[in-house]
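Shown next, in structure tokens, is the structure this report addresses.
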Amino acid sequence: MSVSKANIKLVRSLQQKKFRDERGLFVAEGRKCVEELSKAFERVMLFVEGENATAQEIAQMSSLRTPQGVIGVFRKREVEDSTSFGLVVALDGVQDPGNLGTIIRTCDWFGVRRLVCSHDTADCYNPKVVQATMGALARVQVEYVDLVSWLEEIKALNSQPSTLPVYGTLLNGRNLYENGAIAERQQGVIIMGNEGNGISEAVRQHITHPLLIPPYPADAETSESLNVAIATAITLAEFRRGDR
């Protein structure tokens, strides 16, 4: 496939959520990312510098300051409805695309295959998010829900709600590293909150096991909070520590 003006216009339009939603398409850049996503998504276009596109054409389509020479256009996939539970990460208003992309990549590393997001969380098909995932989007299913309603539904599906713990990182939570802080390592929901405001009050009401990532040393003056992507990585590492 050679590059036409229509191709360039289409690819550039997919930098905006409105057109990604209308067309059901998204863009990925870089050979590694495109190869990984091709395993799980239908690829509808592929442009490779030196094969079917010039460096100038790639630059016109790219959203990167330094284009990587390979651009793929993919069809979004349908979210598979599932009531089964392993370990699920839920995001409450995480708005930075870089943070979301890093969280998706972190979930992939720690074997979390389902990521549930509130509607005000960044779009997982935003080019910056896709780039930050480095192809992990192929293995992590991302779905967008009314988070409060979703939490109410999953509690209703469990005849004994206490069997499905809902964790959340809070400043008044229990030390993550204490014995017994994590009730169940294999299944449950881990909620991570907005970069500035943390977990919203409405979502907080559903947390059964509040957790704290303690600073070191405990009485030291430190930053107010951790970056949400870093906090997710620390939390998942502790959940998986006992499963090695």
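Predicted model, so just to flag it, every value in this text is computed and none were measured. Sequential numbering from 1 along the given sequence is applied to the chain's residues.
- Separating the CG atom in Asp108 from the CD1 atom in Ile103 is a distance of 13.5 Å, to the nearest 0.5 Å.
- Side chain of Gln131 to main chain of Glu29: a donor-acceptor pair is present (N/O by atom type, distance under 3.5 Å, no hydrogens or angles).
- Taking hydrophobic clusters as Ile, Leu, Val, Met, Phe, Trp and Tyr residues chained together by side-chain heavy-atom distances below 4.5 Å, Leu137 shares a cluster with Tyr144.
- Taking CG of Leu100 as the start and CG of Asn126 as the end, the distance is 8.5 Å to the nearest 0.5 Å.
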Let me have the donor-acceptor pairs involving side chains of residues 39-46, under 3.5 Å, with sequence neighbours excluded, atom names and distances please.
from	atom 1	to	atom 2	distance (Å)
Lys39	NZ	Glu36	OE2	3.1
Glu42	OE1	Arg75	NE	3.2
Arg43	NH1	Ser38	OG	3.2

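- Taking 4.5 Å as the limit, every side-chain heavy atom of Lys155 sits out of range of all side-chain heavy atoms of Leu164.
- Nearest heavy atoms, Ile58 versus Pro67: CG2-CB, 3.9 Å.
- Residues Arg174 and His209 form no side-chain contact, since every pair of their non-hydrogen atoms from C-beta on lies 4.5 Å or further apart.
- Put simply, CG on Leu170 and CD1 on Ile213 are 11.0 Å apart, with the number rounded to the nearest 0.5 Å.
- Leu87 is not listed as a side-chain neighbour of Phe110, based on a closest heavy-atom distance of 4.5 Å or more.
- In this structure, a donor-acceptor pair under 3.5 Å is absent between the side chains of Thr102 and Asn99.
- Closest of all the heavy-atom pairs between Pro165 and Gln187 is CG-O, 3.8 Å.
- Each of Val142, Val89, Val88, Val189 was evaluated against Arg114; a single residue qualifies, Val88, per the side-chain contact (heavy atoms from CB on, under 4.5 Å) test.
- Arg31 CZ: 12 or fewer foreign heavy atoms inside a 6.0 Å radius.
- Taking the six-membered ring where tryptophan is involved, the planes of Phe239 and Tyr167 are perpendicular, since the angle between them exceeds 60° and thus also 30°.
- The side-chain heavy atoms of Leu10 and Arg23, taken from C-beta on, include a pair separated by under 4.5 Å.
- Using modelled atom types, no side-chain atom of Ser62 and backbone atom of Ala59 make a donor-acceptor pair closer than 3.5 Å.
- Under a hydrophobic clustering in which Ile, Leu, Val, Met, Phe, Trp and Tyr are joined whenever their side-chain heavy atoms come within less than 4.5 Å, directly or via other members, Tyr125 and Val79 fall into different clusters.
- In this structure, the separation between NZ on Lys32 and CD on Glu35 is 7.0 Å, given to the nearest 0.5 Å.
- Phe19 and Val27 are assigned to two separate hydrophobic clusters, defined by single-linkage of ILVMFWY side chains at heavy-atom distances under 4.5 Å.
- When all heavy atoms of Leu147 and Leu91 are compared, the closest pair comes out as CD2-O, 3.7 Å.
- With a 4.5 Å cut-off on side-chain heavy atoms, Met61 and Phe47 count as touching.
- The two residues Gly30 and Gln68 make their nearest non-hydrogen contact at CA-OE1, 3.1 Å.
- Tested against Trp150, the residues Val148, Asp146, Ile154 include a single side-chain contact (heavy atoms from CB on, under 4.5 Å) partner, Ile154.
- A donor and an acceptor atom, one from each side chain of Thr121 and Ser118, are located under 3.5 Å apart.
- In this structure the side chain of Thr133 never reaches within 4.5 angstrom of the side chain of Val140, judged on heavy atoms.
- Remark: Arg77 CZ to Gln141 CD distance equals 6.5 Å, nearest 0.5 Å.
- Between atom CD1 of residue Ile207 and atom CD1 of residue Ile199 there is a gap of 4.0 Å, rounded to the nearest 0.5 Å.
- At least one side-chain heavy atom of Cys33 sits less than 4.5 Å from a side-chain heavy atom of Val130.
- For the pair Val34 and Gly72, the tightest heavy-atom approach, listed with the atom from each and the gap, is CG2-N, 3.8 Å.
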### Query
So Lys76 and Asp21, salt bridge (Lys or Arg N to Asp or Glu O under 4.0 Å) or not? Walk me through it.
CA-CA 9 Å; Lys76 294 182 185 181; Asp21 289 345; 2.8 Å; yes
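- The shortest side-chain heavy-atom distance between Asn175 and Leu212 does not fall under the 4.5 Å cut-off.
- By the rule that hydrophobic residues join a cluster once side-chain heavy atoms approach within less than 4.5 Å of another member, Leu211 and Tyr177 end up as members of one cluster.
- Counting only residues at least two apart or in different chains, ring pair (Phe, Tyr, Trp, His ring centres under 6.0 Å) contacts with residues 54-81 comprise Phe26-Phe74.
- Residues Leu64 and Leu37 do not share a hydrophobic cluster, clusters being chains of Ile/Leu/Val/Met/Phe/Trp/Tyr side chains in contact below 4.5 Å.
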### Task
May I have the step-by-step check of salt bridge (Lys or Arg N to Asp or Glu O under 4.0 Å) for Arg241 and Glu238, ending in yes or no?
CA-CA 5 Å; Arg241 184 173 63 88; Glu238 182 60 19; 2.9 Å; yes
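- Scanning all heavy atoms of the two residues, the minimum distance from Pro127 to Ser63 falls at CB-OG, 3.7 Å.
- Side-chain atoms of Gln60 and Gln56 include no donor-acceptor pair closer than 3.5 Å.
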